[in-house]
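Values reported hereafter were calculated over all heavy atoms of this structure, with side chains retained and with hydrogens, waters and symmetry mates removed.
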Amino acid sequence: MLTNNCVFAIVVNLLTVISTEKFQLEFQWSLINYTWQSSAQYQEAVRTGTYKPDNIFPTGPKLYRDRIYLATPNLQGGVPLTLAYIPRSAKNRTNIPLVPFPSWNFHGGNNCSNIQNVQAVEISPDGILWVLDGIRLSTIKCPPKLLQFDLNKGGILIHSYVFPNDVCLHDGGYLNDLVLDGDFAYITDSSSKDPGLVVYSRSKNRSWKLRDASMLAEKPADEHYALKIIPGTIDGIALSPFEESKIGRIVFYSCLNGYNLTAVPADVLKEEAYHKNDTWRASITHVGRKQGTTDGMMMDNRGNLYYSLTSKNAVGKWNIHQAFNRDSKVIYQSNLMVWPDAFGMDQEGYLYVISNYFLDKTRTIKFRIFKTHTGTKSYQYR
Ligand SMILES: *[C@@H]1O[C@H](CO)[C@@H](O)[C@H](O)[C@H]1NC(C)=O
Ligand SMILES: *[C@@H]1O[C@H](CO)[C@@H](O)[C@H](O)[C@H]1NC(C)=O
Ligand SMILES: *[C@@H]1O[C@H](CO)[C@@H](O)[C@H](O)[C@H]1NC(C)=O
Ligand SMILES: *[C@@H]1O[C@H](CO)[C@@H](O)[C@H](O)[C@H]1NC(C)=O
Ligand SMILES: *[C@@H]1O[C@H](CO)[C@@H](O)[C@H](O)[C@H]1NC(C)=O
Ligand SMILES: *[C@@H]1O[C@H](CO)[C@@H](O)[C@H](O)[C@H]1NC(C)=O
């Protein structure tokens, strides 16, 4: 075991030579487990196949106060619940069990008010947790929805919105990731049948969808994408901070199976009527070609875009005021960071990234959360 670790460490060192940013390990897991209500509940979940640890991977990390919220999306069955959290202050950083949010009773079953299948959440600065319950690839008979919980009031549900079928397919929709712009949420729908950018307005309590060729998978899958259930269409999304651009805030997106980084002004997304004809497409811009394929990405409040490079086990960085093709850089690369997925930021100046490679059954540690000091806050802060 020790010998293996030494060999592994040498390999890591060779690969991290180019890293300019220091990411430190925060949490790691060899498998995901939850805090069960009783051993009887656990035994039953194992017996019926409701809990199959091999099928579970964590994503999300979004931070608020003393918690890190994580989603455990259900892509192949065997996932008993899909939204949970861990305490940030936990002493034991290995295999910490996930605590169901808001409770066990709020998950699954045939009750469509319950949380069914979550891949992403976002938290507004005032503590409202937006939950994207939007993976509808399999047998779930409940329509996709967006839920809001007030974390300052004990996590009570304060709002629920069901997406109509023409915005997100009730059979085949895959709401993957979101950013918040005050009243609005911009959401990527990675569906293979109807991919697009979904806009939801809280005050109007309405949603609409934009579709464009830039949201389609770009090229034939490389070996990473053997997992056919992940479509490879529009996936990562980021929003520029306030006052960084004369044309207002800008939404960036990329496809999981693609190297293009694309941008569209948020003001263009906000007007439902603009999308009745094709003129809005003139405001889509091609920002540049990334160094690899990207899953999650995030901007801070100084206009720095951090993006995962899944095909390189790396993180890229670019500042919105610079030229992408000239100035974007790989800032970290490590064999420990297999499939960097999603980002989050705390309020103390740290950026978090989670890596999860559950396809590789030979690795003992499959999931890791890293953090690095940026001295900035998320795009939602001024
Ligand atoms: C999951 O947690 C329960 C309760 O703590 C424990 O009994 C069980 O062995 C754990 N399962 C695995 C696969 O680690
Ligand atoms: C940390 O927690 C895991 C899972 O509960 C356990 O297997 C391990 O022994 C713990 N380690 C320490 C140092 O307490
Ligand atoms: C369905 O789930 C909601 C939210 O968890 C809960 O308030 C309601 O009581 C549940 N209904 C039934 C019939 O279980
Ligand atoms: C928002 O829309 C949903 C439809 O999904 C509806 O059930 C809900 O009552 C609406 N809420 C408000 C406050 O209008
Ligand atoms: C990616 O960008 C290139 C260069 O602008 C463009 O030719 C190509 O059509 C783009 N691909 C997609 C799927 O948007
Ligand atoms: C397309 O829609 C925009 C915004 O609603 C409108 O200003 C424009 O006149 C429309 N163009 C055509 C060709 O209909």
Side-chain angles (χ1 to χ4, degrees), residues 58-64 68-73 82-83 101 115-136 143-149 151 158-163 167-169 173-191 194-211 215 231 233-241 249-256 262-264 266 269-270 294-300 305-308 341-345 352-354 378-381:
T59 183
K62 293 291 184 252
L63 295 96
Y64 194 71
I68 302 178
Y69 291 86
L70 298 169
T72 49
T82 57
L83 181 59
F101 180 90
I115 295 173
Q116 299 292 335
N117 202 348
V118 175
Q119 177 143 342
V121 302
E122 179 59 297
I123 304 168
S124 64
D126 58 350
I128 306 300
L129 175 74
W130 297 52
V131 174
L132 203 49
D133 180 10
I135 305 180
R136 296 298 184 265
K145 60 187 182 292
L146 187 59
L147 303 174
Q148 291 182 326
F149 296 89
L151 299 180
I158 55 168
H159 189 68
S160 175
Y161 173 78
V162 172
F163 291 96
V167 172
C168 178
L169 293 176
Y174 190 156
L175 302 181
N176 189 317
D177 204 354
L178 79 163
V179 287
L180 298 182
D181 184 5
D183 185 49
F184 291 91
Y186 311 127
I187 302 162
T188 54
D189 185 346
S190 305
S191 158
D194 184 25
L197 195 50
V198 171
V199 181
Y200 170 70
S201 160
R202 172 71 167 87
S203 58
K204 293 200 180 87
N205 200 31
R206 275 186 65 81
S207 62
W208 50 93
K209 188 177 207 169
L210 293 80
R211 299 164 176 89
M215 301 169 190
T233 56
I234 182 172
D235 181 325
I237 185 163
L239 177 63
S240 70
R249 304 182 86 175
I250 299 170
V251 172
F252 295 89
Y253 57 88
S254 63
C255 297
L256 180 60
T262 311
V264 62
L269 305 182
K270 283 178 184 168
T294 296
D295 198 336
M297 54 185 175
M298 179 167 195
M299 256 199 191
D300 69 11
L305 179 74
Y306 295 92
Y307 52 97
S308 72
D341 180 345
F343 295 90
M345 292 189 86
Y352 291 69
V353 60
I354 193 163
S378 100
Y379 67 96
Q380 293 193 77
Y381 292 82

May I ask you to test the Leu70-Pro61 pair for a side-chain heavy-atom distance under 4.5 Å? yes

Distance from Asp177 atom CG to Gln119 atom CD, nearest 0.5 Å? 7.5 Å

Apply side-chain contact (heavy atoms from CB on, under 4.5 Å) to residues Asp194 and Arg211 and explain how you reach the verdict. CA-CA 8 Å; Asp194 184 25; Arg211 299 164 176 89; 2.7 Å; yes

State, to 0.1 Å, how close Gly134 and Pro144 come at their nearest heavy-atom pair, and which atoms those are. CA-CB, 4.0 Å

Minimum side-chain heavy-atom gap Leu180-Tyr379 below 4.5 Å: yes

Shortest non-hydrogen contact from Met215 toward Leu210: SD-O, 3.5 Å

Do Ser190 and Leu256 touch side chain to side chain, with heavy atoms closer than 4.5 Å? no

What distance do Asn176 atom CG and Asp235 atom CG have between them, rounded to the nearest 0.5 Å? 4.0 Å

Gap between atom OG1 of Thr72 and atom CG of Asn117 - 0.5 Å precision: 8.5 Å

Hey, what's the ring geometry for Tyr200 with Trp130, parallel, tilted or perpendicular (30° and 60° as the breaks)? perpendicular

Taking C-beta and beyond as the side chain, do Leu146 and Leu132 meet within less than 4.5 Å on heavy atoms? yes

Does the side chain of Lys270 come within less than 4.5 Å of Tyr186's, by heavy atoms? yes

Strictly by modelled atom types, are Asp183 and Ser203 linked by a side-chain donor-acceptor pair under 3.5 Å? yes

Are the side chains of Trp208 and Val198 in touch, meaning some heavy atoms are under 4.5 Å apart? no

Minimum heavy-atom separation for Leu239 to Val251, with atom names? CD1-CG2, 3.8 Å

Sort out for me which residue in Phe149, Tyr352, Phe101, Tyr64 forms a ring pair (Phe, Tyr, Trp, His ring centres under 6.0 Å) with Tyr69. Phe101

Provide the closest heavy-atom pair for Leu305 versus Ala238 in the form atom of the first, atom of the second, distance. CD1-CB, 3.5 Å

With side chains defined as the heavy atoms from C-beta onward, is the minimum distance between Thr188 and Leu197 less than 4.5 Å? yes

Between NZ on residue Lys62 and CG on residue Leu129, distance to nearest 0.5 Å: 11.0 Å

Identify, with sequence neighbours excluded, every residue that meets ring-ring contact (aromatic ring centres under 6.0 Å, His included) alongside Tyr253. none

Which label fits Tyr161 and Phe163: parallel for a plane angle under 30°, tilted from 30 to 60°, or perpendicular past 60°? perpendicular

Between Ile128 and Ile158, what is the shortest heavy-atom contact and its length? CD1-CD1, 3.8 Å

Enter the distance from Asp341:CG to Thr294:OG1 here, rounded to the nearest 0.5 Å. 11.0 Å

Checking Arg136 side chain against Pro143 main chain: does a donor-acceptor pair fall under 3.5 Å? yes

Applying side-chain contact (heavy atoms from CB on, under 4.5 Å), run through Met345 and Gln380 and close with a yes or a no. CA-CA 10 Å; Met345 292 189 86; Gln380 293 193 77; over 6 Å; no

Looking at every heavy atom in both Ser191 and Gly173, which two are closest together, and how far apart are they? CB-CA, 4.1 Å

Indicate yes or no: at least one non-hydrogen side-chain atom of Phe343 is less than 4.5 angstrom from one of Ser308. yes

First locate atom CG of Leu269, then atom CG of Asp181, and finally report the distance between them rounded to the nearest 0.5 Å. 9.0 Å

